[in-house]
Amino acid sequence: MKELRERQLKACEALKNAGIDKAIIGDPMSINYLTGIHIIPYERYYGLVLDAKTQELIMVNPSVDTGCMKGTVPERTYLDENGPGDIVREVVGSCKKLAVEKKYFSMSVGEMFASLDCEIVDLGDCIARLRMYKDEAEVETMQFAAKIVDEAIAYVSDKIKPGMTEKELNMMLYSYMAGYQGFITDEFIILVLAAANSANPHGASGDYAFQEGDIVLMDFCAYYNYYWSDITRCLFVGKVGNPKLAEIYDIVLKANLTAIAAVKPGVKAKDIDKAARDVITEAGYGELFLHRTGHGLGLSVHEEPYITSVNELVLEEGMTFTIEPGIYIEGVGGVRIEDDILVTKDGCRILTSRSKRLEDQIVKI
């Protein structure tokens, strides 16, 4: 596949420019990015070796998973009783400087690397930075993932009634999305948080039964062909039962729209965070905006670039991330509105399209 080879060449060029001879990559998402193959390591060692000079790749993997790369790159396999050490040593060869993902590999694997006859350095964010820039195929996949979450909200909106529980709505969303071919069911994230529980940004769906006037915050993802979408919308059961929630909904929506309007190449990530945060601070709720404005999105549901108050990264075309400001009032409830954003040549494109107007969030009962 042309796109995969282009990614491999860019990775090798980045290594070469950093004075690195070879690199070993273990993060399954980065392996997927470079080969198109998704692996599940469990407790075993897998390492994709990149040679900056020859621009060749070799996978070291256990014999139990022989053929896992499906011919995309050569494999060198090891038996469980022998371990990967000898094979890794052969593949690395006379390399002078080897970069490894210190953040990913365990200390025991680190000891194996330390025994190699070469200088070991941290690969750092080399591959993560490459992954920030999405090609056309990636954008198309992410756009469809966004379509799934948009349509999931449309599906459940006329089914939410008093007496339904958070867990029931959680499973309704899951069951609906699982019907899409390509939707991956072994990894998913669905938060359904109602009434006062919605004030907990990372709460868990429970047995609470919705009542008329309740806010129902739904923060969930579609994992489609190994790429993620992520959306948050807040619905109201029959009516907005608390005027305070209507007030903060309008503020959060303004913050969401203001931040999106600020997105374009050349703007720093921290300025997008500031655009959202200033709206909420000026409204008097700055201390109740408890998290960053957004996170990168792609092969991982949280990756670079992070939209934080301290990130100096300059946005460029092809980057994808969420914008999700929120206000959380303990004992009352919380509002978060989240969209998936693609930086374009002249500005940005919103991948998620579900309406955010308050009047469209009130479900009929």
Side-chain angles (χ1 to χ4, degrees), residues 3-4 6-8 10-15 17-18 20 23-36 38 48 50 99-105 121-139 141-143 145-146 187 189 221 223-224 226-231 259-260 262-277 291-325 338-345 347-352:
E3 291 89 352
L4 291 175
E6 288 177 351
R7 296 174 195 173
Q8 294 169 5
K10 286 180 181 178
C12 289
E13 186 66 22
L15 295 176
N17 291 340
I20 295 169
I24 299 180
I25 295 170
D27 180 355
M29 293 301 100
S30 291
I31 291 173
N32 185 305
Y33 177 75
L34 293 169
T35 68
H38 183 71
L48 181 66
L50 281 68
V100 301
E101 290 180 303
K102 291 185 177 180
K103 187 167 64 174
Y104 175 80
F105 288 112
V121 298
D122 186 12
L123 183 61
D125 63 355
C126 176
I127 305 302
R129 292 188 67 84
L130 293 177
R131 283 170 50 183
M132 284 194 298
Y133 303 93
K134 306 303 190 293
D135 58 35
E136 290 184 10
E138 290 176 293
V139 171
T141 302
M142 294 181 68
Q143 181 64 80
E187 290 191 52
I189 299 170
C221 307
Y223 192 33
Y224 170 74
Y226 303 110
Y227 282 83
W228 291 90
S229 62
D230 194 0
I231 194 170
I260 291 173
V263 176
K264 62 181 179 180
V267 174
K268 292 182 178 180
K270 71 176 188 179
D271 293 330
I272 306 303
D273 181 273
K274 185 176 187 300
R277 203 166 299 278
H291 50 75
R292 63 196 171 205
T293 293
H295 56 81
L297 199 62
L299 284 163
S300 296
V301 70
H302 285 184
E303 60 179 40
E304 298 287 352
Y306 291 97
I307 310 303
T308 72
S309 61
V310 295
N311 192 349
E312 297 282 349
L313 177 76
V314 176
L315 300 182
E316 297 182 46
E317 183 179 1
M319 293 180 177
T320 50
F321 50 85
T322 67
I323 288 181
E324 48 181 300
E338 176 181 22
D339 288 296
D340 301 344
I341 308 299
L342 166 69
V343 182
T344 60
K345 181 180 179 180
C348 71
R349 173 173 143 199
I350 308 172
L351 302 181
T352 41

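Along the sequence shown, the residues carry numbers beginning at 1.
Looking at residues two or more places apart in sequence or on another chain, you find a side chain to side chain donor-acceptor pair (under 3.5 Å) between Lys268 and Glu312. Judged as a side chain to side chain contact (heavy atoms under 4.5 Å, CB included), and not counting sequence neighbours, the contacts of Cys126 are Ala14, Leu15, Leu123. Residues satisfying the ring pair (Phe, Tyr, Trp, His ring centres under 6.0 Å) test with Tyr306, not counting sequence neighbours, are none.
Residue Glu338 comes nearest to Glu324 through the heavy atom pair OE2-OE2, 2.9 Å, listed as atom of the first residue, atom of the second, then distance. Shortest non-hydrogen contact noted between Lys102 and Asp122 is N-OD1, 3.4 Å. For the residue pair Leu50 and Ala11, the shortest heavy atom distance occurs at CD2-CB, 3.7 Å. Considering all non-hydrogen atoms of both residues, Tyr133 and Glu316 come closest at OH-OE2, 3.0 Å. Here the closest heavy-atom approach between residue Ala259 and residue Ala275 is recorded as CA-CB, 4.0 Å. Minimum interatomic distance between Arg277 and His291 (heavy atoms only, all atoms of both residues): NH2-O, 2.9 Å.
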- Message: Run Lys134 and Glu303 through salt bridge (charged side-chain N to carboxylate O under 4.0 Å, His left out) and show every step you take.
- Response: CA-CA 13 Å; Lys134 306 303 190 293; Glu303 60 179 40; 3.3 Å; yes

- Item | Derivation and outcome, side-chain contact (heavy atoms from CB on, under 4.5 Å), residues Ile260 and Cys348 | CA-CA 8 Å; Ile260 291 173; Cys348 71; 3.9 Å; yes

- Can you check side-chain contact (heavy atoms from CB on, under 4.5 Å) on Asp340 and Ile231, steps first, answer last? CA-CA 7 Å; Asp340 301 344; Ile231 194 170; 5.6 Å; no

- Item | From CA spacing to verdict: side-chain contact (heavy atoms from CB on, under 4.5 Å), Glu138, Thr320 | CA-CA 10 Å; Glu138 290 176 293; Thr320 50; over 6 Å; no

- Message: side-chain contact (heavy atoms from CB on, under 4.5 Å), that's the test. Do Tyr104 and Ile25 meet it? Break it down for me.
- Response: CA-CA 9 Å; Tyr104 175 80; Ile25 295 170; over 6 Å; no

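In this structure, CD in Gln8 is found 10.5 Å from OH in Tyr33, a value given to the nearest 0.5 Å. Taken from NE2 in His302 to CG in Asp230, the straight-line distance is 6.0 Å, to the nearest 0.5 Å. Residue Glu317 holds its CD atom at 7.5 Å from NZ of Lys345, rounded to the nearest 0.5 Å. The CZ atom of Arg131 lies 9.0 Å from the CG atom of Leu34; values are rounded to the nearest 0.5 Å. If you take CD1 on Ile272 and CG on Leu313, they are separated by 11.0 Å, rounding to the nearest 0.5 Å. Note: Asn32 CG to Leu299 CG = 5.0 Å, rounded to the nearest 0.5 Å.
Two residues are said to be in side-chain contact when any heavy atoms from C-beta on lie closer than 4.5 Å; Glu6 and Asp135 fail this criterion. For the pair Ile307 and Arg292, the minimum side-chain heavy-atom distance is 4.5 Å or more. Considering only heavy atoms from C-beta on, Arg349 comes within 4.5 Å of Val139 through its side chain. You'll find the side chain of Asp27 stays beyond 4.5 Å of the side chain of Ile31, heavy atoms only. Side-chain contact between Ile323 and Thr293 is present, with at least one heavy-atom pair separated by less than 4.5 Å.
Between the side chains of Asp273 and Thr308, not a single donor N or O lies within less than 3.5 Å of an accepting N or O.
The closest donor-acceptor contact from the side chain of Glu101 to the backbone of Gly26 lies under 3.5 Å. Under a 3.5 Å cut-off, the side chain of Thr322 and the backbone N or O of His295 do form a donor-acceptor pair. Formation of a donor-acceptor pair under 3.5 Å by the Thr141 side chain with backbone atoms of Ala137 is found in this model.
Ring geometry, Tyr223 versus Trp228: the interplanar angle falls under 30°, so the pair is classed parallel (tilted spans 30 to 60°).
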